[in-house]
Amino acid sequence: MTFPVLEGKVAIVTGAAMGMGEATAKLFAEAKAKVVIADFNEEKGRAVTEEIIAAGGEAAFVKVDISKSDQVQAMIKFAVDTFGKLDVAVNNAALTPDDKLASDFDEEYWNRLIAVDLTGTALCMKYELQQMKKQGHGGSIINISSVSGFRPQPQNIAYVAAKHGVVGMTKVAAMENGPLNIRVNSVAPGAIDTPMLRGALEQFGFTEEEYAPQLSLLNRFGQPREIAQASLWLASDASSYVTGTTIHVDAGYTSR
């Protein structure tokens, strides 16, 4: 789905410098949204922005650490100052999952991961909701959770906790803001071929051929654009009666 279903809309995508966020930002631009590329990695974020503009899309970059409230507020202000409003937000930014047993988790990394993956997502949603409520014409927020928000993984205690939390707060926000026509949903990706996943394969010494069948009924990893398509549908008016739910894009992993 790449026809102009987001024409006239302004969207923020966090974590848009690479992986699923990059794919989402580019697909949204193809769908004619004006896209704010929000990321902590300025070099890669600006590169994505330039690629979108070179392809005929509209985009602008803002550097943000979503764990910092003042920076999140500045991100929202930047979007409105640059493009006039905010219609859609995809809260995708997250840190790499932890790799320690529950009995031995790294407390410093726990604090950092929760600050970004859970608190950061909550802060983004808070200020996105405030802007959408002020505008008074509804909106769509998509929080990126994970299969780990539904099916726990060993040695991922912080990541699993954060992604369960993302699902829960998505439902709360949907309940509170439905009467305002602000829809809040989540997408739960499975094993997606991103730098994060490739790094994990290298860390544990697995190949895709060995590992994909454990995570996918299709015996392959998903592609970032396949996640982006789910977010595009939720961002568009095609999903106008959908809120408070999660779309699982995981090749059946959580169905087993």
Quick one, [X] and [Y] - any side-chain contact, counting heavy atoms below 4.5 Å?
| X | Y | result |
| --- | --- | --- |
| Q131 | K77 | no |
| I12 | I76 | yes |
| V48 | K26 | yes |
| N92 | T24 | no |
| S67 | L123 | no |
| T170 | S145 | no |
| L118 | M169 | yes |
| L217 | R256 | yes |

Hydrophobic clusters here meaning ILVMFWY residues chained together by side-chain heavy-atom distances under 4.5 Å, can you tell me if [X] and [Y] are in one?
| X | Y | answer |
| --- | --- | --- |
| I141 | L234 | no |
| I182 | V10 | yes |
| L232 | M20 | yes |
| Y127 | V13 | no |

Non-hydrogen atoms of [X] and [Y] that approach each other most closely:
| X | Y | answer |
| --- | --- | --- |
| F28 | S231 | CZ-O, 3.8 Å |
| T194 | P224 | CG2-CG, 4.2 Å |
| L113 | P97 | CD1-CA, 4.2 Å |
| I157 | A102 | CD1-CB, 3.7 Å |
| E58 | I52 | N-CG2, 4.1 Å |
| A59 | I37 | CB-CG1, 4.3 Å |

Hey, is [atom1] on [X] packed in by over 12 heavy atoms from elsewhere, all under 6.0 Å?
| X | atom1 | answer |
| --- | --- | --- |
| F40 | CZ | no |
| Y211 | OH | no |
| E210 | CD | yes |

Answer yes or no: is there a donor N or O on one side and an acceptor on the other, between the side chain of [X] and the main chain of [Y], under 3.5 Å?
| X | Y | result |
| --- | --- | --- |
| N177 | V184 | no |
| N185 | I142 | no |
| H248 | S146 | no |

task: Under 4.5 Å between side-chain heavy atoms, chaining through other members, with only Ile, Leu, Val, Met, Phe, Trp and Tyr counted: pull out the rest of the cluster around V167, sorted by chain and number.
output: F150
- prompt: Mind checking what makes side-chain contact (heavy atoms from CB on, under 4.5 Å) contact with N41, not counting sequence neighbours?
  reply: A17, M18, D39, E43, K44
Pair V242-W233, side chain to side chain contact (heavy atoms under 4.5 Å, CB included): steps then yes or no: CA-CA 10 Å; V242 179; W233 183 72; 3.6 Å; yes
- prompt: Taking only residues at least two apart or on different chains, which pairs with a member in residues 79-106 satisfy ring-ring contact (aromatic ring centres under 6.0 Å, His included)?
  reply: F105-W110
field: Single hit among H137, K34, M132 for side chain to side chain contact (heavy atoms under 4.5 Å, CB included) with D87
entry: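 It is H137, the one option of H137, K34, M132 that forms the side chain to side chain contact (heavy atoms under 4.5 Å, CB included) with D87.
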Can we say [X] and [Y] salt-bridge, meaning some charged N sits less than 4.0 Å from an Asp/Glu carboxylate O?
| X | Y | answer |
| --- | --- | --- |
| D237 | K9 | yes |
| R46 | E50 | no |
| K163 | D98 | no |
| E208 | R198 | yes |

- prompt: What's the spacing between I144 CD1 and S186 OG if we round to 0.5 Å?
  reply: 8.0 Å
- request: Rounded to the nearest 0.5 Å, what's the gap from CD1 on I192 to CG on L215? Could you check?
  value: 10.0 Å
- request: Test side chain to side chain contact (heavy atoms under 4.5 Å, CB included) on V36 and T82 and set out the steps.
  value: CA-CA 9 Å; V36 174; T82 304; 5.7 Å; no
task: Apply the test side chain to side chain contact (heavy atoms under 4.5 Å, CB included) to residues E30 and L27: give CA-CA distance (whole Å), side-chain angles for both, the deciding distance (0.1 Å), then the verdict.
output: CA-CA 5 Å; E30 289 178 34; L27 185 63; 4.0 Å; yes
task: Evaluate side chain to side chain contact (heavy atoms under 4.5 Å, CB included) for K126 paired with Q130, printing each intermediate quantity in order.
output: CA-CA 6 Å; K126 173 182 179 178; Q130 287 185 10; 3.6 Å; yes
field: Distance-only donor-acceptor check, side chains T121 and N143, under 3.5 Å
entry: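 Note: T121 and N143 side chains miss the donor-acceptor criterion.
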